[in-house]
Amino acid sequence: MSRALRIVVIAAATTVVAVLLFPAFLSLRAAGSAVFEPERYDFVLLGVAAFGIAVGMQVVPWRRGRRVAFLALFASAALLFGFMAVFSIGLAILPIGLVVIVVLYRALRRAPALVARKAALGGAAIGYSCVLLFIALIVPATAECSANGGGTSSGRWRGSGRQQYTGGGGSVAGQPGVFTGYAEYGDSVVTFRCDNGRMVEFQRTPR
């Protein structure tokens with residue numbers, strides 16, 4: 001098997017494992033107090049991120065190109081995240097990315113051409129993929145319980161019926177710590193019940 005094919009096979013296997021384990025990760029993240037319903041694009045983001053990280057990890061010549069790889073990683077991650085969040089924290093991260101780009105350029109001039117090229121490409125792939133992985137993993141909960149009640153999310157991908165959102169809820173009289181809530185979407189209605197910060201009932205009913 002050629003090296004290129006081996007890299008692709010390993011990256012594809014990593015992607016499959018990551019996608020299969022995604023629901024288990026969200027279940028652990030929920031910790032009994034929330035319900036996560038990842039959408040198709042959440043899985044796509046996760047798959048692309050896992051594939052990119054796996055490819056980058058194999059492409060980088062870690063012994064000789066570690067410094068270049070880390071500079072490329074931080075520069076690409078900072079620039080991508082900075083542009084995506086430019087109207088908030090990204091505005092402060094963009095200058096950091098530009099500074100690291102300058103340092104990376106100088107490091108590339110000093111390193112052997114072949115090593116530098118592989119390290120830079122692999123590091124950039126890891127950096128971009130880490131940002132996509134972060135976005136995939138912070139998928140919002142459809143419904144979530146807290147000590148003071150509960151809340152719902154309308155989802156985050158344009159085109160989903162869940163973007164048509166109205167919601168509300170209230171505590172149950174005579175039952176301290178118990179909260180019921182609902183959310184109306186374009187194609188369904190979600191109802192849930194919290195008991196002392198724990199999700200004890202969740203149901204999605206099609207319209």
Side-chain angles (χ1 to χ4, degrees), residues 1-62 69-70 72-74 76-78 80-81 84-85 118-119 121-146 150-163 165 181 183 185-194 197-207:
M1 182 184 296
S2 67
R3 184 169 185 269
L5 180 58
R6 184 171 66 252
I7 289 174
V8 172
V9 169
I10 293 175
T14 302
T15 301
V16 171
V17 171
V19 170
L20 291 177
L21 291 179
F22 192 33
F25 165 79
L26 292 178
S27 179
L28 290 174
R29 182 183 160 197
S33 63
V35 171
F36 291 91
E37 295 180 304
E39 300 176 63
R40 177 174 55 190
Y41 292 112
D42 296 314
F43 285 98
V44 170
L45 269 180
L46 178 66
V48 172
F51 190 89
I53 291 174
V55 169
M57 291 294 293
Q58 296 176 83
V59 168
V60 173
W62 292 104
F70 278 115
L73 189 161
F74 288 121
S76 59
L80 179 58
F81 185 81
M84 294 181 69
K118 289 182 178 179
L121 291 175
I126 297 172
Y128 289 132
S129 299
C130 283
V131 176
L132 298 181
L133 179 63
F134 172 74
I135 296 173
L137 295 183
I138 60 170
V139 53
T142 302
E144 187 171 12
C145 299
S146 65
T152 58
S153 168
S154 60
R156 60 181 180 179
W157 300 112
R158 191 174 301 277
S160 167
R162 285 183 259 182
Q163 294 297 322
Y165 164 74
Y185 305 96
D187 57 354
S188 60
V189 176
V190 162
T191 57
F192 66 97
R193 183 163 65 94
C194 304
R198 305 289 293 180
M199 181 74 67
V200 295
E201 184 179 336
F202 177 87
Q203 184 175 5
R204 178 180 291 277
T205 306
R207 286 182 178 275

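Start at 1 with the first residue, then count along the sequence.
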Show the atom names and distances, to 0.1 Å, of all donor-acceptor pairs under 3.5 Å that link a side chain in residues 46-59 to residues at least two apart or in another chain.
from	atom 1	to	atom 2	distance (Å)
Gln58	NE2	Ile7	O	3.2
Gln58	NE2	Ala54	O	3.0

Checklist line | Spatial distance of atom CD (Glu39) from atom CG (Leu45) [nearest 0.5 Å] | finding: 11.0 Å
Note to self: Ignoring hydrogens, what is the shortest heavy-atom contact between Ala124 and Ala72? Give both atom names and the distance.
What the structure shows: N-CB, 3.8 Å
Checklist line | Non-hydrogen atoms of Gly127 and Ser76 that approach each other most closely | finding: CA-OG, 3.3 Å
Next item on the list: Starting at CD1 of Ile10, measure out to OG1 of Thr15 and round the result to the nearest 0.5 Å.
Entry: 11.5 Å
Next item on the list: Would you name the heavy atoms of Arg204 and Ser188 that are closest together and state the gap between them?
Entry: NH1-OG, 2.6 Å
Notebook entry, point to check: Say you draw a straight line from CZ of Arg29 to CD1 of Ile138; how long is it, rounded to the nearest 0.5 Å?
Noted result: 7.5 Å
Check: Any idea which heavy atoms bring Glu144 and Phe192 closest together, and the distance?
Finding: O-CE1, 4.5 Å
Item checked: Heavy-atom pair of closest approach, residues Phe36 and Leu26 -> CD1-O, 3.6 Å
Next item on the list: Rounded to the nearest 0.5 Å, what's the gap from CE on Met84 to CZ on Phe134? Could you check?
Entry: 10.0 Å
List, one per line, each side-chain donor-acceptor pair under 3.5 Å for residues 17-24, sequence neighbours excluded.
none

Next item on the list: Taking all non-hydrogen atoms of both residues into account, name the closest pair between Met199 and Ala143 and its distance.
Entry: CE-O, 3.5 Å
